[in-house]
Trainee: 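My questions all concern the structure below.
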There are 2 protein chains.
Amino acid sequence: MKNTIKVERAKQNMTQADLAEKAKVSRQTINAIELGKFTPSTILALKMARIFNTTVEQIFFLEDGDE
Amino acid sequence: MKNTIKVERAKQNMTQADLAEKAKVSRQTINAIELGKFTPSTILALKMARIFNTTVEQIFFLEDGDE
DNA sequence: TCTTTATGTAAAGTATACTTTACTTTTGAG
DNA sequence: CTCAAAAGTAAAGTATACTTTACATAAAGA
């Protein structure tokens, strides 16, 4: 799965730490998700979408390899 | 988190087993998610949205308790 | 250069998503 | 009522999301 978290953060001028705080997860969790190291829960995806004033589908994209 | 999976399945006249097969997870996984026993991954949420021709936000809803 | 801020990374531990097998209960058609 | 399909449940195991602590690196400004 791909994501546009970095871009959305840039739009809002927000650091990984800022986003982590707003979403109530650790900064490392945001970093890992942003780098595609793992897939967030749907709760976290929904929270990010809400924080960025957008939708889950505009942040996260299925790829061919996604089982 | 709440969800409307049962309703979406009904619209498409689809059993839990049907949905499980399309999403490539077990039937028990669908059952547990539908009953709110756990939160799916974002990949699974995106797949369900795609299967139901709708969006993640129309299937899954954050609640007050959601950390 | 020195310092600060943001990002990346790593390892160990905990919580939880998901699987498999198998059984029970509910529901609806006939 | 009966039978079959659908849904619910449970337990044990595996995979992975997420935390905490800690350190490394890069960029930018004083």
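So you know, we letter chains A, B, ... as the sequences are listed, proteins then strands, and number each from 1.
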Trainee: If I take atom CZ in residue A:Phe38 and atom P in nucleotide C:dG8, what distance separates them, rounded to the nearest angstrom?
Mentor: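 It works out to 14 Å between those atoms.
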
Trainee: So if I take every side-chain heavy atom of B:Lys37 and compare against D:dA7, D:dT9, C:dT9, which nucleotide ends up nearest?
Mentor: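 Among the listed nucleotides, the one closest to the side chain of B:Lys37 is D:dT9.
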
Trainee: Could you report the tightest heavy-atom contact between A:Thr39 and B:Ser41, atom names first, then the distance?
Mentor: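 Here A:Thr39 and B:Ser41 meet closest at CG2-CB, 4.2 Å.
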
Trainee: May I ask you to decide whether A:Glu34 forms a salt bridge with A:Arg9, counting only side-chain N to carboxylate O separations under 4.0 Å?
Mentor: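 Result for this pair is yes, salt bridge flagged.
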
Trainee: Considering only side-chain heavy atoms of B:Gln16, which listed nucleotide, D:dG8, D:dC18, C:dT7, is closest?
Mentor: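 The listed nucleotide nearest to B:Gln16's side chain is D:dG8.
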
Trainee: Report the nucleotide, chosen from D:dT20, C:dT19, C:dT7, that has the shortest atom-to-atom distance to any side-chain atom of A:Asn31.
Mentor: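 My answer, after comparing the listed nucleotides, is C:dT7.
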
Trainee: Please tell me which of the listed nucleotides, C:dA6, D:dT19, D:dA22, lies nearest to the side chain of A:Thr15?
Mentor: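 Looking only at side-chain atoms, A:Thr15 lies closest to C:dA6.
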
Trainee: Nearest to the B:Gln28 side chain among C:dT21, C:dT9, C:dT19, which nucleotide is it?
Mentor: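 When the side chain of B:Gln28 is considered, C:dT21 is the closest of C:dT21, C:dT9, C:dT19.
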
Trainee: Rounded to the Å, how far apart are A:Glu34 CD and D:dA17 P?
Mentor: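 The answer, rounded to whole Å, is 16 Å.
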
Trainee: Could you tell me the separation between the CD atom of B:Glu21 and the P atom of D:dA5, rounded to a whole number of Å?
Mentor: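 Nearest whole value for this atom pair: 16 Å.
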
Trainee: Can you measure A:Ile5 atom CD1 to C:dT7 atom P for me and round it to whole angstrom units?
Mentor: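 To the nearest whole Å, that distance equals 12 Å.
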
Trainee: Which nucleotide in the list C:dG8, D:dT19, D:dG8 gets nearest to the side chain of A:Lys6?
Mentor: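 Of C:dG8, D:dT19, D:dG8, C:dG8 is nearest to the side chain of A:Lys6.
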
Trainee: Kindly say if B:Thr29 contacts the phosphate of C:dT19, meaning a side-chain N or O under 4.0 Å from OP1 or OP2.
Mentor: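 Yes, because at least one side-chain N or O of B:Thr29 sits under 4.0 Å from OP1 or OP2 of C:dT19.
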
Trainee: To the nearest angstrom, how far is B:Asn13 atom CG from D:dA5 atom C1'?
Mentor: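 Atom-to-atom, B:Asn13 to D:dA5, this comes out as 13 Å.
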
